[in-house]
2 protein chains.
Amino acid sequence: MNSSKELLKGTLTTIILKLLSENKRMYGYELAQAVKERTKGKILIKEGSLYPALHKLEQKELIQCEKVNIGKRVRKYYHLTPKGKTQKEVAIDELKEFLNTMHQLITTQPLYGHTQ
Amino acid sequence: MNSSKELLKGTLTTIILKLLSENKRMYGYELAQAVKERTKGKILIKEGSLYPALHKLEQKELIQCEKVNIGKRVRKYYHLTPKGKTQKEVAIDELKEFLNTMHQLITTQPLYGHTQ
DNA sequence: ATTAATACATAGATTTACGATGCATTAAAA
DNA sequence: TTTTAATGCATCGTAAATCTATGTATTAAT
């Protein structure tokens, strides 16, 4: 029942789109670090999740990448496509609504409810 | 990218535990209806998810059931065990923290960030 | 010289919820 | 009264998402 793992499902691509909308170009490792820092280590995106997710977003043409040589390494910088920018708005709106709904569900008492 | 489906992952058992902590005994169909009403139809728990989830919680001894005859039907009322009450607190705390973290992540701009 | 961090990638396992389907009772509508 | 909808339980197979483990290679730090 290690929730933080399960809770993350469905949010990863939205997080990626959001970060790319802010920074306009980022590479995989950078994305993972950004999430780690901004959530104070509460959300850790693993490589096994991140790279497949990026490839899937690329296939869907929501993001594009450009390879940049850094010394002998090749870094893959990703940026949002126009389609990706639109999808980012949709995804963020959905996520916000979900967070609100879930928040109400777990905080609100029903009118006829009795907390024993 | 039908999010509401994926976003729900990891939250179902927590929702069940929460509702049972409020109402002290509920049956499956009642749980589904309660979620539907309290979320204004935004979250719909399907039977294919609900009953397996209930059975899993029962196996883990977080909930118990008592069968009650309603006419010729047998209704299965579930209630939290002491273990379930403890777990409910843990799960709710985790979910709240997750919601907060996620909210910050998708609303906050990083200090050095540039929204194009 | 060795370790840690950076940077990419994939295969297989696990988990979760859903769709489809089935059975049976009961209330409402036609 | 017949039919439809709602109530109430259940399971099987599927799809989707993430993780673990593993692999390769470069670079910085110790």
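Each chain gets a letter, A, B and so on, in the order its sequence line appears, and its residues count up from 1.
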Which part of the nucleic acid, if any, lies within reach of B:G28 when heavy atoms closer than 4.0 Å are counted: base, sugar-phosphate only, or nothing?
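Sugar-phosphate only.
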Please classify the nucleic acid contact of B:I45 as base, sugar-phosphate, or nothing, using heavy-atom distances under 4.0 Å.
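It contacts nothing in the nucleic acid.
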Think [X] has a side-chain N or O under 4.0 angstrom from the OP1 or OP2 of [N]?
X: B:K67; N: D:dC9; answer: no
X: A:Y51; N: C:dC8; answer: yes
X: B:H55; N: D:dC9; answer: no

Residues pairing under ring-ring contact (aromatic ring centres under 6.0 Å, His included) where one sits in residues 19-42 of chain A, two or more places apart or in two chains, turn out to be A:Y27-A:Y77
Tell me: [atom1] of [X] to [atom2] of [N], nearest whole Å?
X: A:L12; N: D:dA16; atom1: CG; atom2: P; value: 16 Å
X: A:E30; N: C:dT6; atom1: CD; atom2: P; value: 12 Å
X: A:M26; N: C:dC8; atom1: CE; atom2: C1'; value: 16 Å
X: A:Y27; N: C:dT6; atom1: OH; atom2: C1'; value: 8 Å
X: B:F98; N: D:dT18; atom1: CZ; atom2: P; value: 10 Å
X: B:N69; N: C:dT26; atom1: CG; atom2: C1'; value: 15 Å
X: B:I16; N: C:dT16; atom1: CD1; atom2: P; value: 12 Å
X: A:E37; N: C:dA5; atom1: CD; atom2: P; value: 14 Å

Measuring from atom [atom1] of [X] to atom [atom2] of [Y], what distance do you get when rounded to the nearest 0.5 angstrom?
X: A:K88; Y: A:T81; atom1: NZ; atom2: OG1; value: 13.0 Å
X: A:L105; Y: B:K42; atom1: CG; atom2: NZ; value: 11.0 Å
X: B:T14; Y: A:M102; atom1: OG1; atom2: CE; value: 9.0 Å

Pairs: protein N or O with nucleotides 22-25 of chain C N or O, under 3.5 Å:
| unit_1 | atom_1 | unit_2 | atom_2 | d |
| --- | --- | --- | --- | --- |
| C:dT25 | O2 | B:R73 | NH2 | 2.2 |

If you assign A:K56 and B:Q33 each to the DNA chain D nucleotide with the nearest heavy atom, which residue ends up on the more 5' nucleotide?
B:Q33
Between B:P52 and B:Y29, which has a closest nucleotide on DNA chain D that is more 5'?
B:Y29
Heavy-atom pair with the smallest gap, counting every atom of A:C65 and A:K76
SG-CE, 3.7 Å
Minimum heavy-atom separation for B:L7 and A:G10, please, with both atom names.
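Answer, listing the atom of B:L7 first, then A:G10: CD2-O, 3.6 Å.
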Can you tell me which nucleotide in D:dC9, C:dC8, C:dG19 comes closest to the side chain of B:K46?
C:dG19
Quick check for you: among C:dA17, C:dC8, D:dA10, whose closest atom lies nearest to any side-chain atom of B:K9?
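For the B:K9 side chain, the nearest candidate turns out to be C:dA17.
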Taking the side chain from A:H103 and the backbone from A:L99, do they hold a donor-acceptor pair closer than 3.5 Å?
no
